[in-house]
Amino acid sequence: MMQANRGKRVHIIATGGTIAGVGEAGFTGGYQPGVLSIGRLVEGLPTVEQVADVTGEQFASLNSDDITQAHWLAIVNRIQALWESGRYDGFVITHGTDTLEESAYFFHLTVKCPAPVVLTGAMRPATATSADGPLNLLQSIALAASDQARGHGVLVAFNEGIYSARDVRKGNSFRTHAITGGDMGTLGIMRDLSPVFYHRSLKKHTLDTEFDVRGMERLPDVAVASFHVDARSEIVDYLAGTHQALVIEGAGDGQVSRSWEERMRYWAAKGLPIVRATRVPDGSVYRGAGMPDDEMGTVAAGTLSPEKARVLLMLALTRTKDPGQIQAMFDRY
């Protein structure tokens, strides 16, 4: 049993999700998420005292589909206050898996502390046979207490994998290996309670970003417009008229029909920031590939999913509306 991190202080911010879910004993479906308190979850970890000195708070008890930007902003401010108190060496956020990747990336870009911040969750409720939440939580605490976790930005620990918040995504709707890094893979693995790192992301994060949301009450409104066969271009007009910027979830390398391209050109010429992303799980939307971004005035999302492109675009709009500067941010982060 690893004991090197004893004396490290880790604080858990619990938001609910499947990891705190309760259902019919033994079964994996038909449960209610966010029922159990973080106290109950920690009590179920008999070896946790050998890992770190753990405290926790029940920040929310939600299905992650109900997480909002207000929760994001409040959690960032909470972590900042806890870090500045000087009492903690690392943080864990328990979270439902449906939107975990979006929350993780937002924290990756906005948390301003060098301490490890680790998100985790579960695919099976706490009452299921072979529930995966206890090990995910225990390993997340161990990772947050580890000096090796510093400098990587916000991390996700799940099913014995360590993922960068930038690249992590949900890749399966019910299996315990649902969390994946896609083409980018894992940064490392958890071997029992010891992290083993093999890779490091070169993209900037946390202390090295220009985004400071402390004291901010609301982020700019950005929508994702999903293109598909026969998708009506009026969708672009409607969302452009009701939001401050758009992410277009295109096909292939971010391509859309001629009618959609026409409306994108129209709105970009009016100064509306538009980012091209793709519905394809892996790969990249390169600038100028498939569509003429320089001519259209649009931004290429790179390897970011449409959901993560939306997160970065919201933050970019707190600094600028210039498509060239926004493209530089997408290249940098």
Side-chain angles (χ1 to χ4, degrees), residues 64-65 67-69 97-106 166-173 178 180-184 219-317 321-331 333:
S64 70
D65 300 304
I67 291 285
T68 69
Q69 61 172 251
T97 58
D98 282 358
T99 62
L100 182 148
E101 61 203 77
E102 296 173 65
S103 296
Y105 190 47
F106 181 81
R166 184 192 184 277
D167 303 309
V168 73
R169 60 180 170 82
K170 187 170 182 176
N172 192 286
S173 63
T180 175
D183 276 349
M184 304 303 127
L219 296 164
D221 288 324
V222 177
V224 178
S226 181
F227 172 77
H228 53 81
V229 172
D230 289 333
R232 296 174 60 176
S233 59
E234 290 90 343
I235 295 170
V236 178
D237 291 332
Y238 173 77
L239 292 175
T242 55
H243 293 78
Q244 294 169 261
L246 291 182
V247 174
I248 303 296
E249 182 181 16
D253 53 358
Q255 297 189 62
V256 296
S257 65
R258 291 179 181 177
S259 61
W260 272 53
E261 179 181 340
E262 178 186 335
R263 303 319 298 161
M264 289 167 63
R265 287 176 178 269
Y266 172 82
W267 287 105
K270 282 185 166 292
L272 186 82
I274 298 178
V275 173
R276 291 193 306 117
T278 178
R279 66 190 189 187
V280 179
D282 290 311
S284 181
V285 175
Y286 293 105
R287 185 165 185 82
M291 299 185 73
D293 292 300
D294 289 341
E295 180 185 326
M296 294 174 63
T298 50
V299 173
T303 61
L304 292 178
S305 67
E307 296 79 17
K308 287 187 176 180
R310 174 180 176 267
V311 169
L312 179 52
L313 184 52
M314 285 193 295
L315 290 169
L317 291 176
K321 291 184 64 176
D322 178 78
Q325 294 182 40
I326 294 173
Q327 183 67 72
M329 293 178 187
F330 272 78
D331 296 340
Y333 304 118

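Everything numeric here is computed off the predicted structure, so don't read it as measured data. Side-chain atoms are counted along with the backbone in the values below, which use heavy atoms only and exclude waters and symmetry mates.
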Measuring from [X]:[atom1] to [Y]:[atom2], what's the distance to the nearest 0.5 Å?
| X | Y | atom1 | atom2 | value |
| --- | --- | --- | --- | --- |
| L317 | I326 | CG | CD1 | 5.0 Å |
| R232 | S257 | CZ | OG | 12.5 Å |
| R169 | E102 | CZ | CD | 13.5 Å |
| M329 | L312 | CE | CG | 8.0 Å |

### Query
Taking NZ, NE, NH1 and NH2 as the nitrogens, is one of them in E234 or R263 under 4.0 Å from a carboxylate oxygen of the other?
no
### Query
Salt bridge or not for R265 and E261, using N-O below 4.0 Å?
yes
Check [X] against [Y] and note the closest heavy-atom contact, atom names and distance.
| X | Y | answer |
| --- | --- | --- |
| T298 | M264 | CG2-CE, 4.3 Å |
| A309 | A301 | CB-CB, 4.2 Å |
| S233 | S259 | CB-O, 3.7 Å |
| S284 | G302 | OG-C, 3.2 Å |
| I67 | S103 | CG2-OG, 4.0 Å |
| P273 | L313 | CB-CD1, 4.4 Å |

Exam field: side chain [X] to backbone [Y], donor-acceptor pair closer than 3.5 Å:
| X | Y | value |
| --- | --- | --- |
| D221 | Q244 | no |
| Q255 | M291 | no |
| Q69 | L219 | yes |
| D282 | G182 | no |
| Q327 | V299 | no |
| D98 | S64 | no |

### Query
With T278, which residues qualify under side chain to side chain contact (heavy atoms under 4.5 Å, CB included), at least two apart?
V280, V285
### Task
Carefully, step by step, assess V168 and Y105 under the rule side-chain contact (heavy atoms from CB on, under 4.5 Å).
CA-CA 9 Å; V168 73; Y105 190 47; over 6 Å; no
#### Entry: Full working for side-chain contact (heavy atoms from CB on, under 4.5 Å) between L304 and Y333
CA-CA 9 Å; L304 292 178; Y333 304 118; over 6 Å; no
### Candidate pair V256 and I248, rule side-chain contact (heavy atoms from CB on, under 4.5 Å), full reasoning
CA-CA 9 Å; V256 296; I248 303 296; 3.7 Å; yes
### Message
Are there over 12 heavy-atom neighbours, none belonging to R279, within less than 6.0 Å of that residue's CZ?
### Response
yes
### Task
Test V222 against every option in V247, V275, L239 by the side chain to side chain contact (heavy atoms under 4.5 Å, CB included) rule and name the one that passes.
V247
### Query
Any side-chain heavy-atom pair from T303 and R166 closer than 4.5 angstrom?
yes
### Query
If you look only at pairs with a residue in residues 306-316, which of them pass as a side chain to side chain donor-acceptor pair (under 3.5 Å), with sequence neighbours excluded?
S305-E307
## Note on the structure
The complete set of ring pair (Phe, Tyr, Trp, His ring centres under 6.0 Å) pairs with one or both residues in residues 232-287, sequence neighbours excluded, reads F227-W260
